[in-house]
Structure formats: C-alpha cells, structure tokens
Amino acid sequence: MNNLNILKNTLGVVNDADKSLMNDMPLYKVKALFDGLVLADVIDFGSKYGEFISIVLNTKRKDVATKHIIYVRSILETMIKNQELENAQLVESQKEQDSLAIESTCVIVTSNGKSNEVQLQLTNMPKKIGRPKSENALSGAERSKRARDKKKANKLVTVNSTLSKSDSERYNRMISDGYSLSWIIDKAYAYSVSMRLD
C-alpha cells in the first residue's frame, strides 16, 4: 500500500485503538474502530502491518491486542516516514529537472556592446488562436462602433465634382464665410421647392 493518506488514516485509527485499550475500553469497541477501514478495503492484510491488524481483530485477549497494536503503529510510522522521504526526493528531482529545462532555453544576449544578459528563449511558443494583435488593434467595442458608423456612412452621398470657375469662386467665398456644403444644399433645396409651389 503506497498511498500516504491511507497510511496516515490507518495510523490515526491505530493510535485511537491504543489509547482506548489503555483506558480499559472493551475489546469489541476497540475492534469496531477498524470497521471503517475494513469496509473501505484499505487495509493490506497481505503486508506485515495487515497481518498484525488481523491478529488484533481476531483475538479475544486485550494483552495480545495491545502488543500487536504497538507493532502496527511502529510499522506504519516507519512506512509513512519512508513514503514522505520518497515524495520529498521526487519533488526535489522534479525541481532539478525543471531548472535544467529552463537553463537549456536561456541564451546570452549582448545589447549595444554592453554587459551580457541571460534571457529566456522559448523555442516552442504556443500559437495564439484568433485575430492577431497589432500595435493599433481596436477593442471589440471600437470595432463595433466603426462598423455602425460605416453602415450609416453608406447612406451618405459623397460629392466628387468639379465646379466651373465662377461657381468655384462663389463656393470658396461661402466656405470662407463659414457656410458648409450641407447648408448650401439645404438652402438650394428649399429654394427649388418654393419655386415649384409658385
């Protein structure tokens, strides 16, 4: 059984059983403490500590149960220490491998002939999904506004016409006086409507 949490839970039950025996709890109640572990099928009865737990569960004498509980506790404590040591070594080994992996992706970079700098270089950069981001990229709201404005602008008429010399002079004079082309068209339209009514 290599699961550290199961070993710790089993040790907790064994410690409770040991205290209960010292406090003269009846043997059947001490045995009942192991019911949860037995039902969960987490006790490895083929192991040394499992054999001792089996003796505790089958004995009818408190002194035999007490002696074997002490054996079980000792074995479980040793197993837990060994497992924790293995886990610590595994974590340390993983950190070393991670460190080596990071060092292997670092390169020395010289900038403007100054001191050398170590920079991280990622060879397998993950590709971003979606629209590529440029310096002048617009946000979603800005793109939506631009699309709405463009839709509105499609209903507008763009005037691209060359006026005669005299009309150009009049147009330039009116623009310099502060009139816009839209104002000029409004007035011309109003005049044409009034002429039709007459």
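Here, residue 1 is the first one in the sequence, and each next residue gets the next number.
Around the CZ atom of F45, the shell of radius 6.0 Å holds more than 12 heavy atoms that belong to other residues, nucleotides or ligands. Heavy atoms of other residues, nucleotides or ligands lying less than 6.0 angstrom from NZ of K29 number 12 at most.
Panel note: side chain S20, backbone D16; a donor-acceptor pair is recorded below 3.5 Å. The backbone N or O of Y179 sits nowhere less than 3.5 Å from a side-chain atom of D177 that would complete a donor-acceptor pair. Remark: side-chain polar atoms of S168 are paired, donor with acceptor, to backbone N or O of S164 under 3.5 angstrom. Distance alone, capped at 3.5 Å, places no donor-acceptor pair between the D18 side chain and the V14 backbone. Side-chain atoms of T59 do not come within 3.5 Å of backbone N or O of V56 as any donor-acceptor pair. When atom types are taken as modelled, the side chain of S93 and the backbone of Q89 share no donor-acceptor pair closer than 3.5 angstrom.
Applying the salt bridge (Lys or Arg N to Asp or Glu O under 4.0 Å) test to D63 and every residue at least two apart in sequence or in another chain returns R61. Residues forming a salt bridge (Lys or Arg N to Asp or Glu O under 4.0 Å) with E86 (at least two apart in sequence, or on another chain): none.
By the 4.5 Å heavy-atom criterion applied to side chains, Y171 and I184 are counted as neighbours. A 4.5 Å side-chain heavy-atom check between R73 and Y49 finds every atom pair outside the cut-off. Residues K8 and E84 have side chains in contact (heavy-atom distance under 4.5 Å, counting atoms from C-beta outward). In this structure, the side chains of T10 and F34 stay at 4.5 Å or more apart for every pair of heavy atoms. Side-chain contact check for R146 versus R143: every heavy-atom pair is 4.5 Å or farther apart. Here the side chains of I53 and V38 are not in contact, with every heavy-atom distance at 4.5 Å or above.
Interatomic distance, N5 CG to Q83 CD, rounded to the nearest 0.5 Å: 10.0 Å. For the atom pair CD1 (I75) and CD1 (I80), the distance works out to 12.0 Å, reported to the nearest 0.5 Å. Rounding to the nearest 0.5 Å places CE of M79 at 5.0 Å from CG of L7. With values rounded to the nearest 0.5 angstrom, I175 atom CD1 is found 6.5 Å from S180 atom OG. The distance from atom NZ of K67 to atom CG of L21, rounded to the nearest 0.5 Å, is 14.0 Å.
Transitive grouping of hydrophobic side chains (ILVMFWY, heavy atoms separated by less than 4.5 Å) brings I185 and M174 into a common cluster. Cluster membership for I43 and L4, using ILVMFWY side-chain heavy atoms within less than 4.5 angstrom, is shared.
Between I69 and A17 the shortest heavy-atom distance is CD1-CB, 3.9 Å.
Pairs engaging residues 59-95 under the ring-ring contact (aromatic ring centres under 6.0 Å, His included) rule: F52-H68, F52-Y71, H68-Y71 [sequence neighbours left out].
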message: I'd like to know whether K62 forms a side chain to side chain contact (heavy atoms under 4.5 Å, CB included) with D24, so could you lay out the CA-CA distance, the side-chain angles of the two residues, the decisive distance to 0.1 Å, and finally the verdict.
response: CA-CA 9 Å; K62 270 193 174 182; D24 290 329; 4.2 Å; yes
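For the side chain to side chain contact (heavy atoms under 4.5 Å, CB included) with L11, the qualifying choice from N9, N15, V13 is N15, the only one to do so.
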